[in-house]
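Down below is the structure, laid out as structure tokens.
Note that the structure is predicted; figures quoted are calculated from it, not measured. Chain identifiers are assigned alphabetically (A, B, ...) following the order of the sequence lines, protein sequences preceding nucleic acid strands; residue numbering begins at 1 within each chain.
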Protein chains: 2
Amino acid sequence: MKITIGEIANQAGVSTGTVSRVINGKPTVASETRATVLAVMKKLGYEPDPVARELSRRTKHTLGIWVGAGENRLSPYFNVIWRALMREMQLHATQFVELPVDITQVRRRMDAVLLFHCADIDQRLDTLWRRGVPGALIGHHPGVSCVAPDDMGGGRMAAAKLLSLGHRDLLHLTVSDEHQWAVDRAAGFAASLAEGSSASLAPVILRGGGSVLGGYRLMRDAWQQGHRPTGIFCATDEMAVGALGALADLGVSVPGQVSVLGFDGLVDLYPGLASVAQDIPAIAQEAVTLALGAIEREVVRHVVVPVQIIEGTTLGPAPGKRPH
Amino acid sequence: MKITIGEIANQAGVSTGTVSRVINGKPTVASETRATVLAVMKKLGYEPDPVARELSRRTKHTLGIWVGAGENRLSPYFNVIWRALMREMQLHATQFVELPVDITQVRRRMDAVLLFHCADIDQRLDTLWRRGVPGALIGHHPGVSCVAPDDMGGGRMAAAKLLSLGHRDLLHLTVSDEHQWAVDRAAGFAASLAEGSSASLAPVILRGGGSVLGGYRLMRDAWQQGHRPTGIFCATDEMAVGALGALADLGVSVPGQVSVLGFDGLVDLYPGLASVAQDIPAIAQEAVTLALGAIEREVVRHVVVPVQIIEGTTLGPAPGKRPH
DNA sequence: CTGAAAGCGCTTACAG
DNA sequence: CTGAAAGCGCTTACAG
């Protein structure tokens with residue numbers, strides 16, 4: 001039998017209202033009472049029913065999600081962040097609608113809209129503005145709440161990591177489109193190298209398609225044209241997977257001859273892939289929080305979520321160097 | 001203001017119970033009453049609240065989803081079917097838990113489990129059996145309810161399509177792992193060719209990785225080894241994308257010199273991709289229906305969902321032939 | 001700080 | 001065939 005708030009209330013000797021207040025972390029509960037209730041909840045392995053919560057919360061919100069036109073909805077990254085967003089909305093007991101590019105078609109009421117990697121942000125915000133729907137976005141933009149990974153910092157971390165392994169001949173593979181994230185990752189990478197204490201280094205930067213095939217071709221062509229980097233930083237993990245495929249086909253050993261570092265943290269794409277990992281769950285959580293906050297006209301916030309390097313077997317010391 | 005069952009009842013001059021019966025297609029409603037209610041619902045653009053439905057339906061179900069160990073959760077196909085499953089569960093107001101490989105860890109109660117592309121089906125069913133949880137699966141297996149696309153028929157359709165375009169030199173790229181779907185697609189393709197009225201044809205079959213890179217390498221190597229097929233059938237769209245990439249790099253024109261046909265229907269992967277398309281929404285719907293049916297110990301059913309060729313610009317008549 | 005009670009939008013026995 | 005009523009598991013003013 002499913003265990004409910006009523007059962008908790010019984011065993012804790014309080015009312016269901018109090019149990020509810022504990023669940024929701026309301027401040028108006030005596031700490032002793034709170035402890036008792038928490039103990040009973042734990043003992044019984046209670047988990048609140050999200051469905052009932054959603055129904056009873058007066059203010060039920062539905063969030064629109066509006067994805068940029070160019071976004072590849074089949075990419076691994078989209079896949080992962082989408083699932084994280086879904087999970088987050090479920091926890092917040094929030095419904096959602098995925099918006100078509102032409103938003104005027106949409107009948108369902110939306111309380112707020114989350115823009116995801118849209119290039120034409122201004123125009124879309126304008127459309128929302130006219131409909132009186134507040135927005136938040138994953139990315140960067142003045143005047144609205146935003147959340148994004150620390151792309152610039154991640155680029156810097158990539159540089160620092162490769163430098164610390166002794167690499168001096170560096171290659172950066174990125175996308176030819178001027179996405180903010182790509183620009184920032186490249187800028188962070190280059191800036192950090194330029195600041196190097198000894199000789200200031202400049203990476204070779206090559207641009208192409210953002211897919212696995214894009215990375216493959218860039219890497220293959222670069223090598224065949226005589227480039228001999230020992231440290232390669234890719235703007236996405238997909239590109240890194242492609243680059244690794246090309247290196248394998250070229251007979252170049254990784255990480256013996258060449259180290260490869262991706263970005264995003266999708267290390268399941270390739271065994272041992274090293275990557276500057278985004279904290280996708282945190283981004284999704286912030287995104288939903290910001291969008292929900294926008295409904296209440298909360299103050300605009302810009303959240304930058306830290307990234308973190310996941311070491312893998314595609315990273316090693318530069319040939320002839322010892323690691324330190 | 002959200003429009004509810006009460007409002008419908010008011011305007012239709014009936015009770016909410018009757019409206020509910022109409023919504024749920026219960027037979028015990030006078031057809032005249034039904035028509036009135038339906039009309040009001042339509043006029044007001046009413047959509048039942050799935051959350052409220054779930055809460056009030058006495059029997060709330062939680063479905064476990066158990067994904068095969070080898071399944072690439074980042075692949076486009078997984079992405080698409082996963083989203084279709086989520087949507088279906090939402091419509092059925094069914095909760096779900098994604099199960100880890102080690103199911104003994106799971107605390108939450110599950111009413112049924114949906115197995116997705118598992119290789120070790122027998123063993124998993126056994127585990128479920130011991131826990132008294134019924135199962136259904138996407139794939140094929142005797143003794144449990146199953147749903148799967150018509151892999152064999154799709155292979156036949158691929159053969160028929162390429163033959164009708166005049167292609168006689170055929171290549172099939174597939175995965176090296178012995179997945180049921182891969183085996184069936186290849187078998188259908190080969191069987192259909194062998195039955196050809198004139199000379200019986202045999203395709204060259206090459207096996208490799210199922211990813212884009214796998215398709216790329218198979219295609220490139222085949223061409224460089226002197227294979228000169230004019231019609232290429234790939235077991236997955238991802239492989240087709242890879243093959244198309246290789247052909248582009250080799251300077252082979254598509255569909256001028258070579259036609260390429262994928263499988264799955266993920267035509268957004270590549271502009272103009274021709275593909276034997278699975279009806280993924282239908283599969284997801286059946287899957288959830290079967291799993292929910294298994295709870296009621298309904299009779300075991302095996303559902304095969306038809307596939308359909310999506311024509312694209314990667315398909316054309318064999319060189320020197322006119323289309324008919 | 002806490003309880004009693006109403007209500008979220010539906011479904012479903014129970015009567016009639 | 002249909003209505004009145006209870007109930008799904010929670011949250012939240014309203015009192016105290």
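Rounded to an integer number of Å, the gap from OH of A:Tyr46 to P of D:dG9 is 10 Å. Between A:Asn10 atom CG and D:dC10 atom P the separation is 13 Å, expressed in whole Å. To the nearest angstrom, P of C:dC8 lies 15 Å from CD1 of B:Ile3. Taking atom CG on A:Leu55 and atom P on D:dT12, their separation rounds to 12 Å, with Å as the unit. The CD-P distance, from B:Glu7 to C:dC8, rounds to 13 Å in whole Å.
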Requested in this report: Please lay out, stage by stage, how A:Gln308 and A:Asp279 fare under the test side chain to side chain donor-acceptor pair (under 3.5 Å).
Outcome: CA-CA 8 Å; A:Gln308 176 192 356; A:Asp279 186 348; over 6 Å; no
Requested in this report: Determine, step by step, whether B:Val37 and B:Val29 satisfy the side chain to side chain contact (heavy atoms under 4.5 Å, CB included) criterion, reporting the C-alpha distance in whole Å, the side-chain angles of both residues, the deciding distance to 0.1 Å, and the verdict.
Outcome: CA-CA 10 Å; B:Val37 172; B:Val29 181; over 6 Å; no
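Within 4.0 Å of B:Ser20, counting heavy atoms only, lies at least one base atom of the nucleic acid. B:Val14 comes within 4.0 angstrom of the backbone, heavy atoms only, and of no base.
Distances shown here put a side-chain N or O of A:Ser15 below 4.0 Å from the OP1 or OP2 atom of C:dG3. B:Ser56 has no side-chain polar atom (N or O) that falls below the 4.0 Å cut-off from OP1 or OP2 of C:dG9.
Distance noted for atom C1' between D:dG16 and D:dT12: 16 Å (whole Å).
Pairs of Watson-Crick or G-U wobble type, with distances under 3.5 Å, assemble into runs of 3 or more in DNA chain D at these ranges: C:1-3 with D:14-16, C:5-12 with D:5-12, C:14-16 with D:1-3.
Taking CD1 of A:Ile280 as the reference point, atom CG of A:Asn79 lies at 9.5 Å (rounded to 0.5 Å).
Shown here is B:Arg87, whose CZ atom has no more than 12 heavy atoms of other residues, nucleotides or ligands within 6.0 Å.
Within the 3.5 Å criterion, the main-chain N or O of A:Val305 finds no donor-acceptor partner in the side chain of A:Asp150. Side chain of A:Trp66 to main chain of A:Pro100: a donor-acceptor pair is present (N/O by atom type, distance under 3.5 Å, no hydrogens or angles). At least one donor-acceptor pair closer than 3.5 Å links the side chain of B:His302 to the backbone N or O of B:Val144. Judged by distance alone, with hydrogens and angles left aside, the side-chain atoms of A:His179 form no donor-acceptor pair with the main-chain N or O of A:Asp184 at under 3.5 Å. Put simply, the side chain of B:Thr62 never gets that close to the backbone of B:Asp111: no donor and acceptor are under 3.5 Å apart.
Each of B:Thr16 and B:Ala52 lies near DNA chain D, and the nucleotide nearest B:Thr16 is the one positioned closer to the 5' end.
For the contact set between residues 21-41 of chain B and DNA chain C, defined by any heavy atom under 4.0 Å, the members are B:Arg21, B:Asn24, B:Lys26.
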